[in-house]
A.B. asks: 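Attaching a single structure in structure tokens format; questions to follow.
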Amino acid sequence: SQFIKSILPLQKRSQVSVFVILGIIVLVVALFFVINGGFESVQPEVRPLHAYITSCLESVIEDALFMVGEGGGYVGYPEFNFEGIAYYLYEEKSYMPSLGVIEEELSLAVEFILPFCVDEFNEVNEAQGFNWESGEVRAKSKIRDDKVEFSVEYPWTFSKGNETYRFKYFEAESEVRLGIIHKAVSEYMEEQLEEPRYTCMSCLHEIGEKYEVEFYLQKINETNDLFVIVRDPKSDLQDGKYNFNFVNKMSESEVIEIGN
């Protein structure tokens, strides 16, 4: 019939449109992986070298996570700190860093430490007869609830005889539940800001049970500073439970009370 003849071309055009859209999606995905190093092919001759740097990265991210935990989310000294440990509560104002700030600190730590870690790697290159050049480290970290992911661009060029080999992309992750810890601390800080002179221990217990972390509080000498340790039994780092530390500072006229 005339109706069937008229609708068939429409069906063909729809099919062509679907294939075009699918082709564009595949192209975009492919470009994404190429840009981010997902399709980087490491030649067999230098795969042990790539593996060595990756293992070095895995060691470095543990150091970075340890430093961030010790400093309350910072590698360096923040503006308000007690002997290098960040104040989260300072004269009734919150200075708790966002996840984005902590990610930047982790990335900076990896960029700084990684070149020192691969110093021994140069001796391996010499033993195998390689000449090499390395470029600048660029790291990016992403904090998830149950892990922290690292993507690193670290260009290397190796030459041996007439052969030249290159690679630059590395990935690693740690099963430290930094996102969970940040959520637990955020809830605690909300409670603390409501009443800066009073720490609700039952509230801390509830938050700890909710996120499966442990809170430990200690008053610092004769000051009104409260040292807080958040310990996560489910985050194993450097053969022990992961600790995340910070300090809450009250004004001189206020008194810290720890209640039920």
Side-chain angles (χ1 to χ4, degrees), residues 32-71 73-76 99 102-161 163-182 231-245:
F32 173 83
F33 274 98
V34 169
I35 292 172
N36 289 277
F39 292 154
E40 181 179 56
S41 178
V42 179
Q43 297 96 322
E45 293 83 356
V46 290
R47 281 177 188 166
L49 305 178
H50 188 277
Y52 185 97
I53 299 174
T54 300
S55 67
C56 208
L57 172 62
E58 291 169 350
S59 175
V60 166
I61 66 175
E62 287 200 353
D63 292 337
L65 285 164
F66 177 81
M67 294 166 67
V68 160
E70 288 289 293
Y74 296 92
V75 174
L99 284 179
I102 301 175
E103 287 172 345
E104 289 177 4
E105 291 289 310
L106 287 168
S107 299
L108 287 172
V110 170
E111 290 174 355
F112 179 75
I113 302 172
L114 187 56
F116 294 99
C117 180
V118 298
D119 276 349
E120 296 179 4
F121 175 61
N122 295 336
E123 298 178 6
V124 176
N125 291 337
E126 290 177 355
Q128 296 185 7
F130 281 105
N131 294 315
W132 70 93
E133 291 182 358
S134 60
E136 183 180 357
V137 181
R138 297 180 182 274
K140 183 178 181 181
S141 63
K142 184 66 179 177
I143 298 173
R144 309 290 184 185
D145 278 356
D146 58 348
K147 62 182 176 180
V148 184
E149 301 169 340
F150 293 83
S151 299
V152 175
E153 183 177 331
Y154 192 11
W156 283 83
T157 301
F158 299 90
S159 59
K160 188 176 184 179
E163 299 295 331
T164 301
Y165 311 94
R166 294 181 178 87
F167 55 70
K168 61 179 179 178
Y169 295 110
F170 303 87
E171 292 184 351
E173 64 181 42
S174 173
E175 293 182 356
V176 168
R177 303 189 312 151
L178 198 49
I180 291 291
I181 293 170
H182 193 272
R231 183 168 295 163
D232 184 15
K234 292 195 169 183
S235 295
D236 188 15
L237 185 73
Q238 297 182 345
D239 300 324
K241 298 176 181 178
Y242 185 68
N243 289 342
F244 191 89
N245 310 325

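Residue indices begin at 1 and follow the sequence shown. From a predicted model like this one, the values you see are computed outputs, not experimental measurements. Computed from heavy atoms alone, side chains included, the values below leave out hydrogens, waters and symmetry copies.
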A.B. asks: Does D232 have any salt bridge (Lys or Arg N to Asp or Glu O under 4.0 Å) partners at least two apart in sequence or in another chain, and if so, which?
C.D. replies: R177
A.B. asks: Can you sort out the partners of E149 under salt bridge (Lys or Arg N to Asp or Glu O under 4.0 Å), two or more places apart, ordered by chain and number?
C.D. replies: R144, K147
A.B. asks: Mind checking side-chain contact (heavy atoms from CB on, under 4.5 Å) for S107 and listing every partner two or more places apart, or none if nothing turns up?
C.D. replies: A139, S141
A.B. asks: Work out which heavy atom in G73 is nearest to a heavy atom in E105; give both atom names and the distance.
C.D. replies: O-CG, 3.4 Å
A.B. asks: With rounding to the nearest 0.5 Å, note down the distance linking CD in E175 to CG in L237.
C.D. replies: 11.5 Å
A.B. asks: Please confirm whether the ring centroid of F158 lies under 6.0 Å from the ring centroid of F167.
C.D. replies: yes
A.B. asks: How would you list, by chain and number, every residue that makes a side-chain hydrogen bond (donor to acceptor under 3.5 Å, both in side chains) with R166, sequence neighbours excluded?
C.D. replies: none
A.B. asks: What are the two closest non-hydrogen atoms of Y242 and I181, and how far apart are they?
C.D. replies: CD2-CD1, 3.5 Å
A.B. asks: Of all residues at least two apart in sequence or in a different chain, which pass the side-chain hydrogen bond (donor to acceptor under 3.5 Å, both in side chains) check with K160?
C.D. replies: none
A.B. asks: Answer whether the closest heavy-atom distance between the side chains of E58 and F150 falls below 4.5 Å.
C.D. replies: no
A.B. asks: Shortest non-hydrogen contact from N245 to E70?
C.D. replies: ND2-OE2, 3.4 Å
A.B. asks: As an exercise, state the distance from NZ of K140 to CD of E111, rounded to the nearest 0.5 Å.
C.D. replies: 12.5 Å
A.B. asks: So which atom in G135 and which in Y154 form the shortest heavy-atom distance, rounded to 0.1 Å?
C.D. replies: O-CE1, 3.2 Å
A.B. asks: CD1/I113 to CG/L108 distance, rounded to the nearest 0.5 angstrom?
C.D. replies: 10.5 Å
A.B. asks: Passes side chain to side chain contact (heavy atoms under 4.5 Å, CB included), L65 versus V148? Steps please.
C.D. replies: CA-CA 9 Å; L65 285 164; V148 184; 4.0 Å; yes
A.B. asks: Could you go through I180 and K234, starting from their C-alpha distance and side-chain angles, then the distance that decides it, and tell me whether this counts as side chain to side chain contact (heavy atoms under 4.5 Å, CB included)?
C.D. replies: CA-CA 11 Å; I180 291 291; K234 292 195 169 183; over 6 Å; no
A.B. asks: If you measure from SG on C56 to CZ on F116, what distance do you get to the nearest 0.5 Å?
C.D. replies: 12.0 Å
A.B. asks: So do the side chains of S151 and Y169 get within less than 4.5 Å of each other, counting heavy atoms only?
C.D. replies: no
A.B. asks: Would W132 and L49 count as a side chain to side chain contact (heavy atoms under 4.5 Å, CB included) here? Give the steps.
C.D. replies: CA-CA 11 Å; W132 70 93; L49 305 178; over 6 Å; no
A.B. asks: Identify, with sequence neighbours excluded, every residue that meets salt bridge (Lys or Arg N to Asp or Glu O under 4.0 Å) alongside E136.
C.D. replies: R138
A.B. asks: Atom CD of residue position E45 - does it have more than 12 heavy atoms of other residues, nucleotides or ligands inside 6.0 Å?
C.D. replies: yes
A.B. asks: Verify side chain to side chain contact (heavy atoms under 4.5 Å, CB included) between I143 and I102, making sure each step is shown before the conclusion.
C.D. replies: CA-CA 9 Å; I143 298 173; I102 301 175; 3.8 Å; yes
A.B. asks: Would you check if V46 and F130 make a side-chain contact, meaning some heavy-atom pair closer than 4.5 Å?
C.D. replies: yes
A.B. asks: Quickly, which of V118, L114, V152, V137 forms a side-chain contact (heavy atoms from CB on, under 4.5 Å) with V60? Name it, please.
C.D. replies: L114
A.B. asks: Measure the NE2-CG distance between H182 and D145 for me, rounded to the nearest 0.5 Å.
C.D. replies: 11.5 Å
